[in-house]
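Note that this is a predicted model, so its numbers are computed, not measured. First the proteins, then the strands, lettered A, B, ... as listed; each starts at 1.
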Number of protein chains: 2
Amino acid sequence: MVHRPVPFDELDRKIVAALIANARTSFAEIGADIGLSATAVKRRVDRLRESGIITGFTATVRPAALGWRTEAYVEVYCEGAAPPRRLAEVVRNHPEITAAMTVTGGADALLHVRATDVEHFEEVLERIRTEPFIRKTISYMVLSHLLPDSPEAGAARPAAEGAADLR
Amino acid sequence: MVHRPVPFDELDRKIVAALIANARTSFAEIGADIGLSATAVKRRVDRLRESGIITGFTATVRPAALGWRTEAYVEVYCEGAAPPRRLAEVVRNHPEITAAMTVTGGADALLHVRATDVEHFEEVLERIRTEPFIRKTISYMVLSHLLPDSPEAGAARPAAEGAADLR
DNA sequence: CGTGAAAGTAATATCCC
DNA sequence: GGGATATTACTTTCACG
């Protein structure tokens with residue numbers, strides 16, 4: 001699962017930024033913006049996908065518009081040592097968990113949970129707490145967002161030390 | 001900014017799910033899967049965009065492949081009352097903050113931060129701490145992810161009570 | 001709401017510099 | 001590496017049930 005570093009220049013950065021801004025931008029349009037032909041842009045995009053820099057293209061939706069109006073982060077504490085493999089299994093059992101990771105600090109894991117409403121969230125929490133080795137949870141309900149939802153990772157501007165920028 | 005409820009049926013759900021799975025799926029292909037013509041699918045997608053259910057199409061990237069190898073959640077505590085408007089301003093000053101929200105619990109806000117490495121993260125943290133009314137921060141570094149990165153919100157399967165499913 | 005057809009664009013494959 | 005071209009495929013518009 002280790003990815004080798006792959007050549008990635010300024011033009012690639014701009015292509016990635018363009019596709020993050022709009023995954024449906026045509027190769028010709030991207031090319032016109034950065035001074036390449038559509039063919040050259042396509043070749044680079046193909047390479048960016050093959051090398052795993054671009055992992056896919058997705059539609060972004062407003063969860064609230066689909067009925068998911070409640071959002072929370074949940075710290076999970078386990079009995080004894082919690083092997084990440086086992087934790088990952090548990091996490092996959094609950095579709096309301098939209099992100100999960102192990103973190104530093106007291107908690108064994110941090111979950112991002114979406115629910116339709118507070119009642120649903122409570123139900124999810126009880127379901128999670130029922131899992132064998134979960135000892136306790138601490139929840140932080142999201143009240144309001146301070147940033148327009150960013151597609152999580154971008155490449156908008158040039159960045160320090162070989163990293164394309166986020167947002 | 002209040003969105004009226006908009007008609008949203010099973011076909012719309014499948015269309016949204018298809019576009020989340022791959023934003024470049026053609027209307028004809030989606031139509032073949034759900035029993036509609038490409039034209040009908042396009043009309044529905046146009047409506048889903050106009051009504052704000054679909055907010056855009058974006059490329060997904062592996063941040064690590066772009067040089068962002070460090071990730072953390074940061075709780076922020078402010079002096080006195082922290083008006084979300086002011087907090088939002090502060091957050092926008094730091095491009096490394098990829099998500100920010102007010103939350104229940106002791107902290108005034110929770111930030112998601114990406115940095116190239118630990119040194120960079122420390123620099124970001126110091127920069128955030130320098131902001132006028134930030135009193136203290138508590139950081140949780142992300143160690144490993146337990147779910148394949150989900151596009152944050154999806155509509156994969158039918159869900160309870162009028163909500164399209166996530167993941 | 002849905003369809004199908006026609007016109008305009010874009011994606012892709014192939015060949016050349 | 002990049003570009004030009006030709007073919008295939010998709011998007012978009014429109015007339016119509």
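Of the residues in residues 39-47 of chain B, those lying under 4.0 Å from DNA chain D by heavy-atom distance are B:Thr39, B:Lys42. Residues from residues 23-32 of chain A with heavy atoms under 4.0 angstrom of DNA chain C, sorted by number: A:Ser26, A:Phe27.
With sequence neighbours left out, the salt bridge (charged side-chain N to carboxylate O under 4.0 Å, His left out) criterion links A:Asp12 to A:Arg44, A:Arg47. By the side chain to side chain donor-acceptor pair (under 3.5 Å) test, B:Thr55 pairs with A:Thr60, sequence neighbours left out. The side-chain contact (heavy atoms from CB on, under 4.5 Å) search around B:Ala38 returns B:Phe27, B:Ala28, not counting sequence neighbours. By the side-chain contact (heavy atoms from CB on, under 4.5 Å) test, A:Glu119 pairs with A:Asp117, sequence neighbours left out. Residues satisfying the side chain to side chain donor-acceptor pair (under 3.5 Å) criterion with B:Thr102, sequence neighbours excluded, are A:Ser144. Listed by chain and residue number, B:Arg129 satisfy the side chain to side chain donor-acceptor pair (under 3.5 Å) test with B:Thr137 (two or more places apart in sequence, or in another chain). For A:Asp46, the side chain to side chain donor-acceptor pair (under 3.5 Å) criterion is met by A:Lys42, not counting sequence neighbours.
Residue pairs meeting the salt bridge (Lys or Arg N to Asp or Glu O under 4.0 Å) criterion with at least one partner in residues 75-91 of chain A, sequence neighbours excluded, are A:Arg86-A:Glu89. Sorted by first and then second residue, the salt bridge (Lys or Arg N to Asp or Glu O under 4.0 Å) pairs involving residues 19-38 of chain B (not counting sequence neighbours) form an empty list.
The side-chain heavy atoms of B:Ile30 and B:Leu19, taken from C-beta on, include a pair separated by under 4.5 Å.
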So what does the secondary structure string of DNA chain D come out as, 5' to 3', with Watson-Crick or wobble pairs under 3.5 angstrom, [ ] for crossing and | for pairs with another strand? ||||||||||||||||.
